[in-house]
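The model shown is predicted, which means the values in this text are computed figures rather than measured ones.
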Amino acid sequence: YLTKAEKFMEHLNKNITSSRDTSSESIWQRSLEARIPGTADINQDHQIYDTLIVGAGITGVTTALMLQKAGQRCLIVEARNIAFGTTGGTTAHLNTFFDATYPEIEHDFGTEAAKLVAQGGKDAISIVKGFVENLNIDCDFEYKTGWLYSQSEKESKELNDILESAQEAGVDVGVAAQNGVPIVCDQVIAFENQAQFHPLKYLQALVKEFKSLGGVLIEGNRIQKSSFNDGIHTAEAELGSFRARNLFYATHIPPGVNLLSFRCAPYRSYVLGARLRDDNYPEGLSYDMQEPYHYLRTHVIDGQKYLIVGGEDHKTGHGDPVKSFENLRDYTESYFNIESIDYQWSAQYYSSVDGLPYIGKLPGVTEDIYVATGFNGNGMTFGTLSAKVISDLILENESAYSELFDPARMKPIAGFTEFVKENVDVAWRFVADRFSAEDMPSLQDLEPGQGMVTVYGDDQVAIYKDELGNITALNPVCTHAGCIVHFNDAEQSWDCPCHGGRYDLTGKVLTGPPTKNLESVPVNLPVTEIKP
């Protein structure tokens, strides 16, 4: 019989790699020499930590380090490995302007709120720069100019509004003569003191410092639920349980169905890493104003320059991932002399109904559980700022940001319309996907490496055919809220179109909010007996 520790080590060996939540590899993963391992110790039964942080991305690790430096005893529990989610797939921009523009923030929340959001961007960049300097982190941190440019009369009007509102909010921005890329444009504004960095080198250094201060990190153990008694949170994981006075979910959406499940919409964004023939690489950070917009920058990996181009975003489980990559390639090749595209990957983010992130206590629960989500495409900036807000709340310090980013807010003007739209969409997917099987192609037409949801007997089933023609069958009902998953052929995953849960080809949870895997379905009938 295996001891508890031996079982846990066996579990770790099966679940921890230097991987991400996609089949594709980001440019950051390949350039790392070694990963920083977690603590292989499950004997936590009698430990009561000050704070349990769930998730080892930039939000969770930065928060844990801040609290540990303040004298707390902290534990990070990660379902897979460090930076398994969005942090491992970011394009690592640090900005003082955001997907929610300053005119939008000013209109929905007021002038003072716009100033506060601008200050938040500055604070986040200063926090990253401070850790880089104090810990002597070699993570390619550089200040850059960020160029935002218009390509039509409508976009130019919007750009002028952004310039005026951003300046009023206290951002260092002005009119520019060029946009940093070989793309014809109408007008340009330049945001000074933006930044870029290597996210995994940075995160690994934070983890190393966290552990040196006595912090504990456990990987390969997914938190499934929690309870609260006598002032102590008990978090139940796949193997073992953990106790702490404070509980912080740095996981986009906490497990289970909660208010944030309906106030945040999941999106996927696509990225290419390309080498150029003519060395015409961007010197700064450039952004167009298309819908969806594109963003470009340069990063040097092992002495080689790479053009990094992102965009073509769509709601998770709704768009065509293969087409998104094709569109991004066409866009890149139309403006740059491409020698090779060496990397392509995608990542997930969540958009709030009113454009600003939710950072603070989870609404709708009796106990104090902290959350941070709804970062839109500004995860590195808001993830870092969240660490400051959450640590201040836990330490009972003053926080200038806590009221503005309070997850319990519901601005009637800013959020209600989008709230209704997103939840009507969720309800529609819940019903419609159960009645669309008759429109699906036959299993015989399914190519190797593809999947689909079809009918088997009287039930729907998620079918995947591997390169050898072998079939894997799963129950397609997402274990979070019961929506039907869709196949993502670009990342070889099953994605939920309602709340963004994702599963690998065997049905194992890749990203929450679901905590349970898809059920395996035995399929023994001949292919001809599976109805299209």
Side-chain angles (χ1 to χ4, degrees), residues 21-22 79 85-86 222 224-225 249 251-269 313-321 324 346-353 364 371 373-374 418-441 450-464 472-521 531:
D21 60 352
T22 65
T86 304
R222 183 179 300 278
Q224 297 175 320
K225 61 182 180 178
Y249 280 104
T251 57
H252 292 304
I253 306 296
V257 179
N258 53 72
L259 188 58
L260 293 185
S261 300
F262 304 100
R263 290 190 180 177
C264 290
Y267 283 81
R268 294 208 68 77
S269 189
D313 305 12
H314 63 73
K315 285 193 70 176
T316 301
H318 287 245
D320 183 341
S324 291
S346 66
Q348 186 149 303
Y349 64 86
Y350 281 75
S351 176
S352 69
V353 295
V371 294
T373 187
E418 193 67 20
F419 175 83
V420 171
K421 186 183 77 173
E422 291 296 350
N423 285 285
V424 167
D425 176 71
V426 168
W428 186 86
R429 302 302 321 189
F430 186 86
V431 175
D433 287 345
R434 284 166 165 73
F435 298 96
S436 59
E438 66 273 10
D439 298 324
M440 297 176 186
Q450 290 187 347
M452 69 176 181
V453 176
T454 187
V455 176
Y456 178 60
D458 295 325
D459 299 311
Q460 289 194 89
V461 62
I463 297 289
Y464 173 75
T472 301
L474 303 166
N475 184 337
V477 179
C478 178
T479 60
H480 173 238
C483 296
I484 303 298
V485 298
H486 291 187
F487 187 66
N488 180 337
D489 45 1
E491 294 293 5
Q492 297 287 284
S493 62
W494 294 100
D495 299 354
C496 177
C498 291
H499 305 110
R502 300 178 58 248
Y503 305 83
D504 69 14
L505 296 176
T506 66
K508 187 173 183 179
V509 174
L510 285 171
T511 57
T515 60
K516 296 181 180 180
N517 300 334
L518 296 177
E519 297 176 353
S520 178
V521 176
K531 303 173 186 177

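Cys496 does not pair with Cys478 as a disulfide, the SG atoms being 2.5 Å or more apart.
Between Ser269 and Asp313, the closest heavy-atom pair is OG-OD1, 2.8 Å. Scanning all heavy atoms of the two residues, the minimum distance from Ala473 to Val461 falls at CB-CG2, 3.7 Å.
You'll find the side chain of Thr472 stays beyond 4.5 Å of the side chain of Thr506, heavy atoms only. Contact annotation: the side chain of Tyr503 never approaches that of Leu510 to less than 4.5 Å [non-hydrogen atoms, C-beta and beyond]. Two residues are said to be in side-chain contact when any heavy atoms from C-beta on lie closer than 4.5 Å; Arg268 and Pro321 fail this criterion. Residues Thr515 and Thr479 have side chains not in contact (no heavy-atom distance under 4.5 Å, counting atoms from C-beta outward). Counting heavy atoms from C-beta outward, Ile253 and Asn258 have side chains that approach closer than 4.5 Å.
Ring centers of His252 and Tyr349: at least 6.0 Å apart, outside the cut-off.
To the nearest 0.5 angstrom, Gln460 atom CD is 9.5 Å from Asn475 atom CG. Separation of atoms CG (Leu505) and CH2 (Trp494) is listed at 8.5 Å; rounding is to 0.5 Å. Distance check, rounded to the nearest 0.5 Å: CD1 of Ile463 to CD of Gln450 gives 13.5 Å. Here the straight-line distance linking atom CG of Leu518 with atom NZ of Lys516 works out to 12.5 Å at 0.5 Å rounding. Atom-to-atom distance recorded for Leu260:CG and His499:NE2 is 11.0 Å, nearest 0.5 angstrom.
For Tyr464, the ring-ring contact (aromatic ring centres under 6.0 Å, His included) test picks out Phe487, with sequence neighbours left out. Listed by chain and residue number, nothing satisfies the ring-ring contact (aromatic ring centres under 6.0 Å, His included) test with Tyr249 (two or more places apart in sequence, or in another chain).
Here the side chain of Tyr350 pairs no donor or acceptor atom with the backbone of Ser261 at under 3.5 angstrom. In terms of modelled atom types and a separation under 3.5 Å, the side chain of His318 and the main chain of Pro497 share a donor-acceptor contact. For Asn517 (side chain) and Val509 (main-chain N/O), a donor-acceptor pair under 3.5 Å exists by modelled atom type. Under a 3.5 Å cut-off, the side chain of Gln348 and the backbone N or O of Gly500 do form a donor-acceptor pair.
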Run the side-chain contact (heavy atoms from CB on, under 4.5 Å) check on Cys498 and His480 step by step: do they pass?
-> CA-CA 10 Å; Cys498 291; His480 173 238; over 6 Å; no
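Sorted by first and then second residue, the salt bridge (charged side-chain N to carboxylate O under 4.0 Å, His left out) pairs with a member in residues 481-499 read Asp495-Arg502; sequence neighbours excluded.
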